[in-house]
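Here is the structure we will look at, set down as structure tokens.
Note that ligands are numbered from 1 as they come in the structure, with each ligand's atoms numbered from 1 the same way.
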Amino acid sequence: KECVGSSIGVIAKALKQQLVIPDWTAFCKTMEEIFEQVRPAHAGSVATYIPQLARTDPGYWAMSICTVDGQRKSFGDALQPFCLQSVSKPFTYAMVHSELGADELHSYVGQEPSGRLFNDICLDHDKKPHNPLINAGAIIVASLVMRHATLSDRFDYALQQFKKFGSSTGNIGFNNSVFLSERETADRNYALSYYMREHKCFPPNTNLQDTLDLYFQLCSIETNSDNLAVMAATLANGGVNPMNGERVINNRACRDTLSLMYSCGMYDWSGQFAFRVGLPAKSGVSGDLIIVVPNVMGICLYSPRLDSLETVFKRFISHYQRNTVRGVKFA
Ligand code: DON
């Protein structure tokens with residue numbers, strides 16, 4: 001589904017500069033072939049520990065691409081809304097990093113892969129969460145979002161910032177059913193938060209319920225594959241939105257976000273993903289996945305059946321290793 005707006009943007013830019021992917025038509029044809037090839041690999045199962053997620057149609061399958069010069073293409077159910085879940089974490093980290101700076105932010109959370117499950121109750125040797133992309137670290141980062149403001153102002157601010165990463169016509173909202181469903185069943189995150197409070201991980205005077213509510217709200221921000229690819233492309237483009245040229249986060253925040261996505265973004269599969277794919281990525285339990293090709297593009301995949309995307313990537317990479325994708329040379 002070509003977006004008319006971005007097509008006009010692409011044409012305008014093509015007149016002025018060499019496109020990042022010169023043979024765009026051929027590239028899209030290759031990507032569509034791969035998209036169709038791996039569709040049968042649609043194995044895996046829908047997450048059930050958040051009851052509302054268990055009700056998702058497992059058959060959705062989408063892929064969207066956005067280049068750093070605004071070339072966009074989507075396949076399949078690319079306008080089907082889904083909540084970000086953990087894919088919200090790199091954007092929340094980037095937002096807080098841009099606000100507080102690396103030194104203050106990382107006085108609360110480390111930069112090491114934990115090697116453990118995303119929601120394991122564990123801290124590093126400094127009694128801090130290993131990194132900001134596992135639940136422990138993301139809950140701490142949520143406690144730092146505009147921490148002196150009211151809870152409603154904090155979420156409004158975060159949602160506005162998230163919108164800046166995407167397309168101006170992109171659909172981004174909030175799924176209250178998922179928020180309520182998660183808040184009612186999040187024993188693990190409550191236990192994790194009390195454990196972290198015991199070890200004084202939070203900023204002083206942190207209200208634990210407000211922090212968890214904000215964390216669940218951030219995970220319940222809703223968008224679609226088409227818009228999330230633009231959000232990923234903003235990370236690929238050094239923090240500048242490729243659709244309007246606006247800077248959303250500073251360079252250092254963007255660099256640090258991509259570094260952590262590369263080393264920690266796929267949790268206890270991060271090492272395998274870095275070894276087999278070698279690109280910054282972030283998965284979400286709703287079935288969304290973003291991959292960033294720095295200085296080239298952002299990619300979003302959406303399949304509610306979890307772990308089906310592992311197969312997708314193995315197919316993707318074996319295809320790239322066999323051929324240079326027409327128009328784009330992948331390392
Ligand atoms: O806190 C949780 O468990 C969910 N809100 C997010 C977990 C998630 O997306 C795991 N990533 N694949």
inquiry  = Does N295 have more than 12 heavy atoms from other residues, nucleotides or ligands lying within 6.0 Å of its CG?
reply    = no
query = Short list, please: which atoms of ligand 1 are under 4.0 Å from a heavy atom of E182?
reply = 1 (O), 2 (C), 3 (O), 4 (C), 5 (N)
request  = Just jot down the ligand 1 atoms closer than 4.0 angstrom to any heavy atom of Q85, in number order.
outcome  = 4 (C), 5 (N), 6 (C), 9 (O)
message = Would I50 count as being in polar contact with ligand 1, using the rule that some N or O on each side must be under 3.5 angstrom apart?
response = no
key: For ligand 1, the portion of N135 having any non-hydrogen atom under 4.0 Å away   = side chain
query = At a 4.0 Å threshold, what atoms of ligand 1 neighbour a non-hydrogen atom of S283?
reply = 11 (N), 12 (N)
message = Please work out, at 4.0 Å between heavy atoms, whether the side chain, the backbone, both, or neither of F216 comes within that distance of ligand 1.
response = neither
Pairwise side-chain contact, C66 with P242, heavy-atom cut-off 4.5 Å (strictly under) = yes
task = Would you indicate whether the side-chain heavy atoms of F35 and M31 approach each other to under 4.5 Å?
result = no
remark   = re atom 10 (C) of ligand 1, the protein heavy-atom contact at minimum distance is S86 OG, 3.2 Å
inquiry  = For C219, which part has a heavy atom under 4.0 Å from ligand 1: side chain, backbone, both, or neither?
reply    = side chain
remark   = The answer for which part of R188 has a heavy atom under 4.0 Å from ligand 1 is neither
ask   = Is any N or O atom of K89, backbone or side chain, closer than 3.5 Å to an N or O atom of ligand 1?
value = no
key: Heavy-atom check, side chain of L180 versus side chain of F216, under 4.5 Å   = no
message = Could you check whether any side-chain heavy atom of H130 comes within less than 4.5 Å of a side-chain heavy atom of L123, counting everything from C-beta outward?
response = no
Exercise: do K89 and S86 side chains pair donor with acceptor under 3.5 Å = yes
Presence of salt bridge, K29 and E36, under 4.0 angstrom = no
inquiry  = Is it true that Y302 and N224 share a donor-acceptor pair across their side chains at a distance under 3.5 Å?
reply    = no
message = Could you tell me, atom by atom, which parts of ligand 1 come under 4.0 Å of a heavy atom of F118?
response = 3 (O), 7 (C), 10 (C)
ask   = Is N189 close to ligand 1, meaning an N/O of one under 3.5 Å from an N/O of the other?
value = yes
inquiry  = Give me the residue, atom name and distance of the protein heavy atom closest to atom 3 (O) of ligand 1.
reply    = Y49 OH, 2.6 Å
key: Protein contact to atom 1 (O) of ligand 1 [nearest heavy atom, distance to 0.1 Å]   = Y215 OH, 2.6 Å
query = With side chains defined as the heavy atoms from C-beta onward, is the minimum distance between F75 and I65 less than 4.5 Å?
reply = yes
